[in-house]
Amino acid sequence: NGIKTRHYAMDKNQQTVYQNSTMAALAVRDALGKSHTDAHELDLLAVGTTQGDLPLPGMASMVQAELGLPPLEILTTHGVCCAGMTALKSAFNQVKLGEKSNAVAVASEFSSRLFKHTRFESYKKVSFETEFLRWMLSDGAGAFLLQPQPGRSELNLRIDWIELTSYASCYDLCMYAGTNKVDGQPGPGWQDYPSYEAAAAAGAIDIKQDIRLLDNIMKVGVDGFVRLIVNGRLDPARIDHVLCHYSSHFFRQRTLDLLRLAGCLVPEERWYTNLYERGNTGCASIYIMLEEFLNGTNRLQEGDTVLCVVPESGRFSCAYMHLTAVRG
């Protein structure tokens, strides 16, 4: 998969060091600190994650408490890789409409504790669908501050638009937890078992990915890309940088080949990823990637356009965001 290093919110004894909500709160504090904004000025906190620390309440409630924020509007978005973009789009829309003046969108993932070896010691054999993911997923969090006008930093990113499309009615479950497939279809959910122990013993609680369906993720991503071009939202010739979330180096070349075949390839030298150093950080991936691209590469110039692409293999969806670099 090309991943060289990954990051965990556990220590070497597989004990939790940072809760998912703690990582999210740290990312928010970092974002606010860099922008010289007081946390008490926030009007909205939108939080995306694949799985929070608790089944309920929502992750945003836990992050608000962790930050010690006064009463404000919150939103939790739940899904897989697109959950972070869903939270960001909600915050973007509210700021654009003038309902909020200081909003924070944050995405955080703590997947490693789902794969600690102690969970599988009683298994005679771990399914490949579960084992496959153990070598990809990584922990991390990122946050964006959204305001109506550019901030004080030298370069800001203006959100021009965000598009999200779900193809759930077209494809079967691919990445999932809480059930096992029976003849290719979801079986009983984990809450339908007579006990938690029975659900765990059946492997129903484990997170899995049906690799037989994974080729569809590239088809979905390219299909959405072409739709944006046809609808006049996107011109590949005017994109300066592409930041694409993908879980494995394998998918990079396949995606480029499909775009080339469709006649809408953005030259490969304009593509940026941090997958090899960070691993697959799920819905937080595009947040972390964009922060590192903005602050660590010295490649972004005023007026540059950035296209962010986030495919999701849960039941297949894709998010696209178009940004322009502007002066503060």
Side-chain angles (χ1 to χ4, degrees), residues 9 16-111 113 139-153 156-164 281-288 290-291 294 308 310 312 319 321 323 328:
T16 296
V17 177
Y18 301 100
Q19 294 290 337
N20 202 2
S21 57
T22 307
M23 286 191 289
L26 288 169
V28 171
R29 290 193 181 103
D30 188 51
L32 294 178
K34 288 179 178 177
S35 59
H36 309 286
T37 301
D38 191 284
H40 288 71
E41 298 176 37
L42 294 180
D43 302 318
L44 171 68
L45 174 67
V47 182
T49 189
T50 300
Q51 196 168 56
D53 301 309
L54 307 174
L56 56 94
M59 176 81 161
S61 296
M62 305 306 291
V63 177
Q64 179 188 2
E66 187 84 26
L67 288 166
L69 297 178
L72 80 166
E73 184 173 336
I74 62 171
L75 170 71
T76 299
T77 60
H78 164 71
V80 193
C81 296
C82 282
M85 288 290 278
T86 308
L88 181 59
K89 181 166 185 176
S90 177
F92 165 61
N93 284 341
Q94 293 227 38
V95 172
K96 186 176 180 180
L97 288 169
E99 292 192 5
K100 302 290 185 289
S101 57
N102 285 293
V104 160
V106 56
S108 186
E109 299 280 36
F110 190 175
S111 57
R113 59 184 169 188
D139 304 335
F144 296 143
L145 172 68
L146 291 91
Q147 296 176 311
Q149 302 296 328
R152 303 178 192 175
S153 57
N156 291 252
L157 291 168
R158 184 186 71 222
I159 300 177
D160 300 313
W161 50 260
I162 300 175
E163 291 277 351
L164 297 103
T281 48
C283 77
S285 173
I286 200 67
Y287 285 64
I288 299 169
L290 191 54
E291 192 277 337
L294 178 62
C308 299
V310 182
E312 174 183 302
M321 175 169 61
L323 307 167

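Values reported hereafter were calculated over all heavy atoms of this structure, with side chains retained and with hydrogens, waters and symmetry mates removed.
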> What distance separates L146 CG from L44 CG, expressed to the nearest 0.5 Å?
Replying inline: 9.0 Å
>> Do L145 and T37 have side chains that approach each other closer than 4.5 Å (heavy atoms only, starting at C-beta)?
In response: yes
>> Among residues at least two apart in sequence or on other chains, which ones pass salt bridge (Lys or Arg N to Asp or Glu O under 4.0 Å) with E66?
In response: none
>> Contact between R29 and L32 at the side-chain level, heavy atoms closer than 4.5 Å - yes or no?
In response: no
>> So L69 and H40, do their side chains get closer than 4.5 Å, heavy atoms only?
In response: no
> For R158, which residues count as a salt bridge (Lys or Arg N to Asp or Glu O under 4.0 Å) partner, sequence neighbours excluded?
Replying inline: D160
> Do W161 and M321 have side-chain heavy atoms sitting under 4.5 Å apart?
Replying inline: no
> Between the side chain of S35 and the main-chain N/O of A31, is any donor-acceptor distance below 3.5 Å?
Replying inline: yes
> Restricting to pairs with a member in residues 32-53, which pass salt bridge (Lys or Arg N to Asp or Glu O under 4.0 Å), not counting sequence neighbours?
Replying inline: D30-K34, K34-E291, D53-R113
> Considering residues at least two apart in sequence or located in another chain, which fulfil the salt bridge (Lys or Arg N to Asp or Glu O under 4.0 Å) criterion with K89?
Replying inline: none
> Going from CE on M62 to OG1 on T22, what distance comes out if it is rounded to the nearest 0.5 angstrom?
Replying inline: 9.0 Å
Under 3.5 Å, which donor-acceptor pairs link side chains of residues 74-82 to any protein atom two or more places apart or in another chain?
| residue | atom | partner | partner atom | Å |
| --- | --- | --- | --- | --- |
| T76 | OG1 | M59 | N | 3.3 |
| T76 | OG1 | A60 | N | 2.9 |
| T77 | OG1 | V47 | O | 3.4 |
| T77 | OG1 | A83 | O | 2.7 |
| H78 | ND1 | T50 | O | 3.1 |

>> Q51: which residues meet the side-chain contact (heavy atoms from CB on, under 4.5 Å) condition with it, sequence neighbours left out?
In response: L114
>> When you measure from the side chain of D139 to the backbone of S111, do you find a donor-acceptor pair of N or O atoms at a distance under 3.5 Å?
In response: yes
>> Quick check for you: to the nearest 0.5 Å, what is the distance between C283 atom SG and E109 atom CD?
In response: 3.5 Å
> Do K100 and E73 come close enough that some side-chain heavy atom pair is under 4.5 Å?
Replying inline: yes
>> Counting C-beta onward and ignoring hydrogens, is there a side-chain heavy-atom pair between L88 and I162 closer than 4.5 Å?
In response: yes
> Looking at CD of E99 and CG of N93, how far apart are the two atoms once the value is rounded to the nearest 0.5 Å?
Replying inline: 9.5 Å
> Within the distance-only criterion (no hydrogens, no angle test), does the side chain of Y287 pair as donor or acceptor with the backbone N or O of F144 below 3.5 angstrom?
Replying inline: no
> Nearest 0.5 Å, what's the CG-CG distance between L26 and L67?
Replying inline: 8.5 Å
> Please walk me through it: do S285 and V310 pass side chain to side chain contact (heavy atoms under 4.5 Å, CB included)?
Replying inline: CA-CA 9 Å; S285 173; V310 182; over 6 Å; no
> Does some side-chain heavy atom of Q147 sit less than 4.5 Å from a side-chain heavy atom of V95?
Replying inline: no
> Would a 4.5 Å heavy-atom cut-off, applied to side chains only, mark L54 and P57 as touching?
Replying inline: yes
